[in-house]
Amino acid sequence: MTDLGSAHVLVLGATGGLGGPIARELAAVGAKVTLSGRDPGRLEALAAELGTSVVTTVTADLTRPDGPASVVRAAADAAPLTGVVNAAGVVAFGSVEQLDDDTLDEVLLLDLVAPIRLARAVLEVLPEGGFLVQVSAVVAEKPMPGMAAYSAAKAGLTAFDAALATELRRRRIRVLDVRPPHTETGLATRPVAGEAPKLPQGLAPDAVADRLVRALTDDERDLPSSAFTGARPTPS
Ligand SMILES: NC(=O)c1ccc[n+]([C@@H]2O[C@H](COP(=O)([O-])OP(=O)(O)OC[C@H]3O[C@@H](n4cnc5c(N)ncnc54)[C@H](OP(=O)(O)O)[C@@H]3O)[C@@H](O)[C@H]2O)c1
């Protein structure tokens, strides 16, 4: 069992539909959190809600080359870090014929390149017993037509996490790759390109956050989409 009661956890994408509930859940189990996102207004609103659980807030664009490292530096300078949860991401819809360069760049930069840069930065500051959680997606296991670039980015991230997890075993740093099914965060309503197909009712964000934090406290080493089968759907 991992006791998060004395942990300091950096949450990236804390302004998001999953990152917010993850930060709340971490605070509920006693962790201190540093919150990072792009939108300063929503970041400060969440910080006000979580009060003394918050160490600091960091606004950054993670697609910039120094974005991930600058967030890690700011969090670690504020207080020694125990772990990092990366819940920042974007999605794009449409066929490969419709996929333009700007969309391809944005999806690959935020969903694949930034998490790799983040991991490099995190390795410099995490102690033995620390953890890095990367929110990938079910499409890493089951790529979807109409979401080819997003599927490729997430599959790439999951492969990266598997290799990194093995590299870090000796240092006793855990890498947890999380692959949730569709969740009702609103992500699908704000794609960087295209329009979402009709999707089935997704999971409740709180249930996904709860499952993720439970995996951390229970020392789980992988969180595939099948691990969310018990998570309750959002009431329709
Ligand atoms: N929702 C789902 O169905 C689902 C399923 C499986 C996996 N996921 C994954 O879960 C993660 C979180 O998604 P979500 O559903 O919570 O989406 P969301 O509500 O749209 O949140 C996305 C988060 O990413 C941040 N972000 C976007 N572009 C950024 C950039 N350039 N630099 C820094 N931060 C940026 C947003 O910050 P601002 O809002 O401050 O701009 C926000 O905090 C993503 O990786 C997504 O792929 C989601």
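Remember, it's 1-based here, ligands and their atoms both numbered in the order they're listed.
- Residue contact check for ligand 1: A188 places no non-hydrogen atom closer than 4.0 Å to it.
- Using a 4.0 Å cut-off to heavy atoms of G17, the atoms of ligand 1 that qualify are 16 (O), 18 (P), 19 (O), 21 (O).
- Residue contacts with ligand 1: G13 is placed with a nitrogen or oxygen under 3.5 Å of a nitrogen or oxygen of the ligand (distance criterion only).
- Atom 22 (C) of ligand 1 has its closest protein heavy atom at G89 O, 3.5 Å.
- Between T63 and ligand 1, not a single N/O pair is under 3.5 Å apart.
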> Given V29 and V213, is the side-chain contact (heavy atoms from CB on, under 4.5 Å) satisfied, shown in steps?
Replying inline: CA-CA 9 Å; V29 297; V213 173; 4.2 Å; yes

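- For D177 and T158, the side-chain atoms include at least one donor-acceptor pair closer than 3.5 Å.
- Polar contact with ligand 1: absent for A87 (N/O pair, distance under 3.5 Å).
- Those atoms of ligand 1 with a heavy atom of D39 less than 4.0 angstrom away are 40 (O).
- The single protein non-hydrogen atom nearest to atom 10 (O) of ligand 1 is V135 CG1, 3.3 Å, given as residue, atom name and distance.
- At the top of the distance list for atom 45 (O) of ligand 1, counting protein heavy atoms only, stands K154 NZ, 2.8 Å.
- Considering only non-hydrogen protein atoms, atom 16 (O) of ligand 1 sits nearest to L18 N, 2.8 Å.
- For atom 31 (N) of ligand 1, the nearest non-hydrogen atom of the protein is D61 OD1, 2.9 Å.
- Within ligand 1, counting atoms from 1 as listed, the ones closer than 4.0 Å to a heavy atom of L62 are 30 (C), 32 (N), 33 (C).
- Of all protein heavy atoms, the one closest to atom 5 (C) of ligand 1 is P181 O, 3.4 Å.
- With sequence neighbours excluded, no residue forms a side chain to side chain donor-acceptor pair (under 3.5 Å) with E106.
- Of the charged side-chain nitrogens involved, at least one lies within less than 4.0 Å of a carboxylate oxygen, so that E49 and R24 count as a salt-bridged pair.
- Of all atoms in ligand 1, listed by their number and element, those nearer than 4.0 Å to a heavy atom of A137 are 6 (C), 7 (C).
- Distances from atom 48 (C) of ligand 1 to the heavy atoms of L187, L43, T183 show the closest one on L187.
- Nearest protein heavy-atom contact of atom 20 (O) of ligand 1 is R190 NE, 3.1 Å.
- Between P180 and ligand 1, no N or O atom pair is found at a separation short of 3.5 Å.
- Looking only at heavy atoms of the protein, atom 36 (C) of ligand 1 is closest to T15 OG1, 3.9 Å.
- Under a hydrophobic-cluster definition in which Ile, Leu, Val, Met, Phe, Trp and Tyr are linked whenever side-chain heavy atoms come within less than 4.5 Å, directly or via other members, V72 and L123 are assigned to the same cluster.
- Between G16 and ligand 1, an N or O atom pair is found at a separation short of 3.5 Å.
- Checking only distances, R42 does come within under 3.5 Å of ligand 1, N or O to N or O.
- Distances below 4.0 Å separate heavy atoms of A60 from the following atoms of ligand 1: 32 (N), 33 (C).
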